[in-house]
There are 2 protein chains.
Amino acid sequence: MADGRGTATAGGENLLFLTDEQLRQGIEAMFFAYRGFTADPDRILSDMAYGRAHHRAIHFINRAPGTTVNNLLNILGVTKQSLNRVLRTLIEDGLVESRVGKSDKRERHLHLTEDGRALEGRLSDAQRARMRAAFRDAGPEAVAGFRTVLEAMMDTEMHRTYQRLKESGA
Amino acid sequence: MADGRGTATAGGENLLFLTDEQLRQGIEAMFFAYRGFTADPDRILSDMAYGRAHHRAIHFINRAPGTTVNNLLNILGVTKQSLNRVLRTLIEDGLVESRVGKSDKRERHLHLTEDGRALEGRLSDAQRARMRAAFRDAGPEAVAGFRTVLEAMMDTEMHRTYQRLKESGA
DNA sequence: CTTGGAATGTCAACAAGGCTGACTTAAACT
DNA sequence: AGTTTAAGTCAGCCTTGTTGACATTCCAAG
């Protein structure tokens, strides 16, 4: 608390913006924006028997096809049982395919089926439409700043796992 | 990452930065950043019998003391029972006080008790520390862009409700 | 003034999706 | 052979979302 911090010194005037109120507004902006961000996919999913957890799984399987269950676990940061429940329904419903690994037969490699890709497309379209509108309204410079701040805010562990995964071609 | 977008050119080329891949990266950045954003308060709360819902209630009661249950409902965008369960435990535990309205006795006006403010402080400190670090790393311009994009992404309905509420004193 | 509708808040019961812990199966490593 | 690792399963718990029924209070039309 008490943030009327004396960061103003020595040409450091540029840090004066970190007042308590500014930070609180940032927190609230994050809260409201995340709601908007998930609203459209949530609406689509609630019509089916799916939720946000299914969306996350579908999204990352699409982004890193052939990824293993363990990888997905690390990216999503949930427990095996949590993920497994979701994954089982997706496989049963024919949206996700689980292939036994060639080099290591313990592993299961995950892929979207045609139906899976179709749903991914619907969800992704909705979410990208909102993101595109926000980006367009804000302009390129704001978008760059947005990305910079988000990256500084991320859980670096989890994100690095994901980056490694994508680069290794999965 | 991969920012060499061709926003440089003349004319309508300035929308080229809105590629599919850029948008998808924005979506993922939002996902990972939100995790980081909630990680610290979540850790504090899990030690008690509370969750994220309690945090949200405490946050907004602190920001708009005296607000009614209905107002909070609109801000948070959940159902009555969801909020009520959370509110009941907070009241039982002596963190929140519920006062019957003077002019309209149907209404309950919500306030944090001293203990409530203490917990709010702990949660808020943790979250602001992370936000402050991210803002400092990113710099003032990036922060401005961050805010601009988030505002464009918000669920405007809910946010406007909140703004109205804060201005009306309540 | 009364009565009926609207608004506010409470409570009960249920579902989704997190969690832990114990356990099995199969494959890989040493 | 014995240990470790990847995946899946079962049981059971908690938080937090949902809908529907209900009590109280207010207000306005008859």
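Every chain is numbered from 1, with letters handed out A, B, ... down the list of sequences.
In this entry the distance linking CG of D47(B) with P of dC14(D) reads 17 Å, nearest Å. Atom P of nucleotide dT16(D) and atom CD1 of I58(B) are separated by 11 Å, given to the nearest angstrom. If you measure from atom CG of L110(B) to atom C1' of dT10(C), you get 14 Å, rounded to the nearest angstrom. The nearest whole Å value for the distance from the CG atom in L83(B) to the P atom in dC11(C) is 13 Å. When rounded to the nearest whole Å, the span between CG of L87(A) and C1' of dG18(C) equals 16 Å. Whole-Å rounding puts the K80(B) NZ to dA7(C) P distance at 11 Å. Taking atom CG on L76(B) and atom C1' on dT15(D), their separation rounds to 15 Å, with Å as the unit. If you take CZ of R99(A) and C1' of dA7(D), they are 18 Å apart, rounded to a whole angstrom.
Listed pair T79(B) / dT18(D) meets the phosphate criterion, a side-chain N or O lying under 4.0 Å from OP1 or OP2. Taking 4.0 angstrom as the limit, S82(A) places a side-chain polar atom (N or O) nearer than this to OP1 or OP2 of dC19(C). Within the structure, every side-chain polar atom (N or O) of N70(A) is placed at least 4.0 Å from both OP1 and OP2 of dT5(D).
At a threshold of 4.5 Å between non-hydrogen side-chain atoms, the residues I27(B) and F37(A) count as touching.
R85(B) comes within 4.0 angstrom of a nucleotide base, judged by non-hydrogen atoms across all strands. Among the heavy atoms of the strands lying under 4.0 Å from H54(A) are primed sugar atoms or P, OP1, OP2 only; no base atom is included. Residue contacts for R88(B): at a heavy-atom cut-off of 4.0 Å it reaches the sugar-phosphate backbone alone, with no base atom in range. Residue-level contact check: G77(B) touches neither bases nor backbone, having no heavy atom under 4.0 Å from any strand.
Under a 3.5 Å cut-off, the side chain of R108(B) and the backbone N or O of V100(B) do not form any donor-acceptor pair. Side-chain N or O atoms of R35(B) include one that pairs as donor or acceptor with a backbone N or O of L76(A) at under 3.5 Å. Panel note: side chain S82(B), backbone V78(B); no donor-acceptor pair is recorded below 3.5 Å. E97(B) places no side-chain N or O within 3.5 Å of a backbone atom of L110(B) that could act as its donor or acceptor partner.
For the residue pair H59(A) / E28(B), a side-chain donor-acceptor distance below 3.5 Å is found, with atom types taken as modelled. For the residue pair D93(A) and Y50(A), a side-chain donor N or O sits within less than 3.5 Å of a side-chain acceptor on the partner.
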Pairs: protein N or O with nucleotides 28-30 of chain C N or O, under 3.5 Å:
unit_1  : atom_1 : unit_2  : atom_2 : d
dA28(C) : OP1    : S103(A) : O      : 3.1
dA28(C) : OP1    : K105(A) : N      : 3.3

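Side chain of N84(B), nearest nucleotide from dT18(D), dT16(D), dG9(C): dG9(C).
Contact of Q81(A) with dT9(D) (side chain to base): a donor-acceptor pair of N or O atoms is detected under 3.5 Å.
Ring pair F146(A)/F146(B) is parallel by interplanar angle, where below 30° counts as parallel and above 60° as perpendicular.
With the nearest nucleotide of DNA chain C identified for both R108(A) and V78(A), V78(A) has the one nearer the 5' end.
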